[in-house]
K.L.:
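For reference, the structure I am asking about is given below.
Since the structure is predicted, the reported quantities are computational estimates derived from the model, not experimental observations. Index from 1, following the sequence.
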Amino acid sequence: QVQLVESGGGLVQAGGSLRLSCAASLRTFSKFAMGWFRQAAGKEREFVAAITWSGASTYYADSVKGRFTISRDNAKNTVYLQMNSLKPNDTAVYYCAAKAGSSYDYDYWGQGTQVTVSS
């Protein structure tokens, strides 16, 4: 069964850092592009970051560029989101997602992990 499991969320003060991890059970993990999304209370889900299957290219929302870094370790079937200089506006549930190379939309989603940034 395909499964994505996020971890690493928690409560942090503004200016602090967190690293989120997403462990995937995908049989061909290296063939999937991976992404991170977030959804704040009462708001729509928004794109945060993405990485291609090879890890050669990364993409970031303007709101996090320069502060967040997405990476992947295909040997461990894991994708990471390093979050630095956190702001209260970063507070949200963070989800990882996987997209097959032949798919336009993301195919699989994790359960989410809460990130709360206090001022």
K.L.:
Within the 4.5 Å heavy-atom criterion, are M34 and K99 side-chain neighbours or not?
P.N.:
no
K.L.:
Whether the side chain of R38 engages the backbone of V93 through a donor-acceptor N/O pair (distance < 3.5 Å, no angle test) should be reported.
P.N.:
no
K.L.:
For this output row, return yes or no: ring centroids of W36 and F68 closer than 6.0 angstrom.
P.N.:
no
K.L.:
Counting C-beta onward and ignoring hydrogens, is there a side-chain heavy-atom pair between Q114 and L11 closer than 4.5 Å?
P.N.:
no
K.L.:
Do the ring planes of F37 and Y106 sit parallel (below 30°), tilted (30 to 60°) or perpendicular (above 60°)?
P.N.:
perpendicular
K.L.:
If we ignore hydrogens and angles and just use 3.5 Å, is the side chain of T78 paired with the main-chain N or O of K76 as donor and acceptor?
P.N.:
yes
K.L.:
Taking the six-membered ring for Trp, are the ring centroids of F47 and Y60 within less than 6.0 Å of each other?
P.N.:
no
K.L.:
Side chains of L81 and V48, heavy atoms from C-beta outward: is any pair under 4.5 Å?
P.N.:
yes
K.L.:
With rounding to the nearest 0.5 Å, note down the distance linking OG in S85 to CZ in R67.
P.N.:
7.0 Å
K.L.:
Once rounded to the nearest 0.5 Å, what's the spacing between atom OG of S119 and atom NZ of K87?
P.N.:
14.0 Å
K.L.:
Strictly distance-based, threshold 3.5 Å: is any side-chain N or O of R72 a donor or acceptor partner for the main-chain N or O of T52?
P.N.:
yes
K.L.:
With side chain to side chain contact (heavy atoms under 4.5 Å, CB included) as the test, would you mind laying out the steps for L86 and L18 before giving the verdict?
P.N.:
CA-CA 8 Å; L86 283 162; L18 285 173; 4.2 Å; yes
K.L.:
Show the nearest heavy-atom pair for residues L4 and A98, with the distance to one decimal.
P.N.:
CD1-N, 3.8 Å
K.L.:
Side-chain donor-acceptor pair under 3.5 Å between N84 and S17, yes or no?
P.N.:
yes
K.L.:
Is there a continuous path of hydrophobic side-chain contacts, each under 4.5 Å between heavy atoms, that joins M83 to Y59?
P.N.:
no
K.L.:
Of all the heavy-atom pairs spanning L20 and V115, show the shortest one and how long it is.
P.N.:
CD2-CG2, 4.0 Å
K.L.:
Does any N or O in the side chain of E6 come within less than 3.5 Å of the main-chain N or O of G112, such that one atom is a donor and the other an acceptor?
P.N.:
yes
K.L.:
Is a side-chain N or O of T91 found less than 3.5 angstrom from the main chain of P88, in a donor-acceptor match?
P.N.:
yes
K.L.:
Supply the atom-to-atom distance S71 OG to I51 CD1, rounded to the nearest 0.5 angstrom.
P.N.:
6.0 Å
K.L.:
What about I70 and W53, same hydrophobic cluster or not, with Ile/Leu/Val/Met/Phe/Trp/Tyr joined at side-chain heavy-atom distances under 4.5 Å?
P.N.:
no
K.L.:
CD of Q82 to OG of S21: how many Å apart, nearest 0.5 Å?
P.N.:
9.5 Å
K.L.:
Hey, quick one: are F32 and Y80 part of the same hydrophobic cluster, counting side-chain heavy atoms closer than 4.5 Å, chains of contacts allowed?
P.N.:
no
